[in-house]
Protein chains: 2
Amino acid sequence: MTTLCTAPETGLNAVILRMIERILNRVNALSQGGPGWTRPSYSPLETAAHLIIEEEAHALGMEVRRDHGGNLIARMPGRDPQLPPIWCGSHLDTVAEGGAYDGQAGVAAALALVAAMRSQGITPEADFVVVVTRAEESVWFPVSYIGSRAATGQLLAADLQALRVDTGRSLADHMRDEGGDPEALMTAVPPAPARFLEFHIEQGPVLETAEEPFAIVTAIRGGLRYRAARLHGVWAHSGGAPREGRADAVVAFADLVMAMDRVWEEILARGADLTVTFGRVSAASPAHAMAKVAGVLDFCIDLRSDDEAVLDAADEALKAAIAEIEAARPGIRFDLGLQSRSRPAQLSQSMAEWVAGGAARLGLSPRRMLSGGGHDAAAFATAGWESVMVFIRNRNGSHCPDEGMNPADLALAVEAVYTALSGNAGP
Amino acid sequence: MTTLCTAPETGLNAVILRMIERILNRVNALSQGGPGWTRPSYSPLETAAHLIIEEEAHALGMEVRRDHGGNLIARMPGRDPQLPPIWCGSHLDTVAEGGAYDGQAGVAAALALVAAMRSQGITPEADFVVVVTRAEESVWFPVSYIGSRAATGQLLAADLQALRVDTGRSLADHMRDEGGDPEALMTAVPPAPARFLEFHIEQGPVLETAEEPFAIVTAIRGGLRYRAARLHGVWAHSGGAPREGRADAVVAFADLVMAMDRVWEEILARGADLTVTFGRVSAASPAHAMAKVAGVLDFCIDLRSDDEAVLDAADEALKAAIAEIEAARPGIRFDLGLQSRSRPAQLSQSMAEWVAGGAARLGLSPRRMLSGGGHDAAAFATAGWESVMVFIRNRNGSHCPDEGMNPADLALAVEAVYTALSGNAGP
């Protein structure tokens, strides 16, 4: 004879899991179409996703407001208004043909924490604030962490002039369309730095390989990018142009890719942290054809490291490789275009210990690790907020339709933070 | 005191030059828009260009008809109907954003020869036939020399099913739209092999560098192409995916480009003839982004040689390079797709001597050279026609808006052929 009983822990986990799945389902019903999910930054679809969270936050009895950047801020008052609040959240925009969890999971987790506290009748010591940021995916505007930098007073007037790649309209215009007020934002006084917590899927395969459900992130890599680099060669006939006279943009590009691959290997070999990625590559305009030696090729390059000096060294190596290729290949000329950067961010040691304390009470000891991707937490950390991230195990990487997070892993991480949150005022 | 006098030679050259410029101006008024000129194969624009030639041929008193492939055939009867006619012409379609002379110059030259004979009251010994072929530029349909193969009974039923890259509709449908009859074409008896002459701009810089106005072509390189090759990698996050686990389609492609560049160098070093070109390259679909390691890349590769065995050797080297890259880079897989080929074509020694004879009477000794690009003359030669080409000096290569032929160079070449034509019945 078997007796089934529902332990209080199971009840709590069920509340958390139910909210997570509910938020993911509702938000992911919104997309420009497949494959995967596409919700551009400052698009009506992103706004519609924010409205879902507003509705859910109201249902949980929270006060909801928006800042001038259009970020959604929902507050659950704590017992002690003198304590610095804990903001928890992430973003709901996606890359083109992105996945079901990048950003969404962090928002779902924040609401699940509120639902968990409500279900157990707990009032947190400090205010608990669910924040849904705008425009975290910088594929749409060539600016990093737009929403979280707007929320923390770091967005610059020049950033507002950035153009969205698909529409060609400015950030200011799109912000205004979606209910923001860019002019007011520029003069607004940001909230005093407090505490920020972000749940997010791991972009790499580390936790999946190690079979661990979640981890605590101690630092976020910074990035150095040339988003709109162009390589000029000389158009020529594929059968009529002799080898010695060619300035083939495709061959010169391949030369650069292989040179930067060797630079990457060398920098890793001396123990430094770096990633090198050529993202979009196009020699496929109407002017390009089978029967033409390419006279132009567009590309981008993305360098990331936890150390700014390494980014500078890689950037120098890139320019040296280009100079060498231009010297060796007459007729070839690179134009890297504008550089954009995001700084490496160290996260909060004390908040990491606070999360670890909650996990420990569940018998878990999550690893500490580095984030390869940039996240809103980096912008909060840069603004002086005590910030921490919790990475959730995920298959198939991120920014693709196949992102594979198990909501049970996220629920377990939320339960660990709930345990920390309900046990004390935080770090 | 200076006396100006108009020698008969000058008058002839003026008639030729006037007709060349008239045809070029009229045809080049037709384009889908710039930069350069775009008249797709079997498009209404190509048909409109054919109608201009029909009008001009009628004005020169020629009989005009069209074959089932939609090629225009205009006849100037000769004195001896027993002699094999001399067909002279080229095509009026262009690549996307092509130039003002590739194809057009050859048609203009053919009409200029008729105008020259009319102006001097000359009836050629053999019939002189101006032919305007269809669809020579195989960027639109993945089939070589469509019009000239149709004219000589070499087009296959399977070729008719090829799809135009921009419309996705079949060659048969487009042919029908532009007045052709693909069903009748399949059962038609082609004309008996006769003689074919094509004027064309040189695609390479040889004559420009040597400061020579024209040359006689002795052979045409054949080609081996993979037009729609695809490289599969694994999508990943640019900052989160460690170097060792990546299957980056862009890096694997660069590896292949550099490998084939080495193969090319080696094959040339042993004295064989070869060109290697990667034309269109695209890792720029909506799924590609700055922040993604590319999971897929589309490319094409074009190999050309005057020797089929060299094409086979280069193809083998390509497959070996791919196998090596796939073995060295787990997760990378190449799919070359369909191979298309055109055979190297030897041109007529006796027709070359006949053109050289005309040139010699003008005090000129044009060089003999190889054609790197494929031309209608290759299809006629393959069908057993005695064929020859005359290359005209040209700046900036072909298949680009900057094609730079001086009409005076073409007029001089036409005058050389006129001299051969008016002096005897041909080779």
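Convention: sequence-line order gives letters A, B, ...; per-chain numbering from 1.
- Taking a cutoff of 4.0 Å between a charged side-chain nitrogen and a carboxylate oxygen, R246(A) and D261(B) do not qualify as a salt bridge.
- For R243(A), the parts lying near chain B are the backbone and the side chain together; criterion is any non-hydrogen pair under 4.5 Å.
- Of the two parts of E265(A), the backbone and the side chain both hold a non-hydrogen atom closer than 4.5 Å to a non-hydrogen atom of chain B.
- For chain B, no part of L303(A) is nearby; none of its heavy atoms comes within less than 4.5 Å.
- Contact of S285(A) with chain B is made through the backbone alone, with heavy-atom distances under 4.5 Å.
- Contact annotation for Y226(A): only backbone heavy atoms (N, CA, C, O) come within less than 4.5 Å of a heavy atom of chain B.
- A 6.0 Å sphere centred on CZ of R343(B) holds no more than 12 heavy atoms belonging to other residues, nucleotides or ligands.
- Heavy-atom distances place no part of V206(A) under 4.5 Å from chain B, backbone and side chain included.
- Chain A forms the most heavy-atom pairs under 4.5 Å with one residue out of C300(B), A294(B), P205(B), G397(B), and that residue is C300(B).
- Neither the backbone nor the side chain of D402(B) comes within less than 4.5 Å of any heavy atom of chain A.
- With a 4.5 angstrom heavy-atom cutoff, V293(A) touches chain B via backbone and side-chain atoms both.
- R304(A) touches chain B through its side chain: at least one heavy atom from C-beta onward sits under 4.5 Å away, while N, CA, C and O do not.
- Taken from NE2 in H237(A) to CD in E403(B), the straight-line distance is 9.5 Å, to the nearest 0.5 Å.
- Distance check: E244(B) CD to L268(A) CG gives 8.0 Å after rounding to the nearest 0.5 Å.
- Checking side-chain atoms of T275(A) against main-chain N and O of S238(B) turns up a donor-acceptor pair under 3.5 Å.
- K292(A) places no side-chain N or O within donor-acceptor distance of the main-chain N or O of C400(B), the cut-off being under 3.5 Å.
- Within the 4.5 angstrom heavy-atom criterion, only side-chain atoms of V139(A), from C-beta onward, approach chain B.
- More than 12 non-hydrogen atoms from other residues, nucleotides or ligands lie less than 6.0 angstrom from CD of E308(B).
- The choice from E97(B), R225(B), R280(B), H288(B) that makes the most heavy-atom pairs within less than 4.5 Å of chain A is R280(B).
- Heavy-atom pairs under 4.5 Å with chain A were tallied for S371(B), G223(B), A283(B), G279(B); the largest tally goes to A283(B).
- Checking side-chain atoms of R221(A) against main-chain N and O of G239(B) turns up a donor-acceptor pair under 3.5 Å.
- For chain A, the option among T209(B), D298(B), D302(B) with the highest count of heavy-atom pairs below 4.5 Å is D302(B).
- Looking at F253(A), the atoms closer than 4.5 Å to chain B (heavy atoms on both sides) all sit in the side chain, from C-beta outward.
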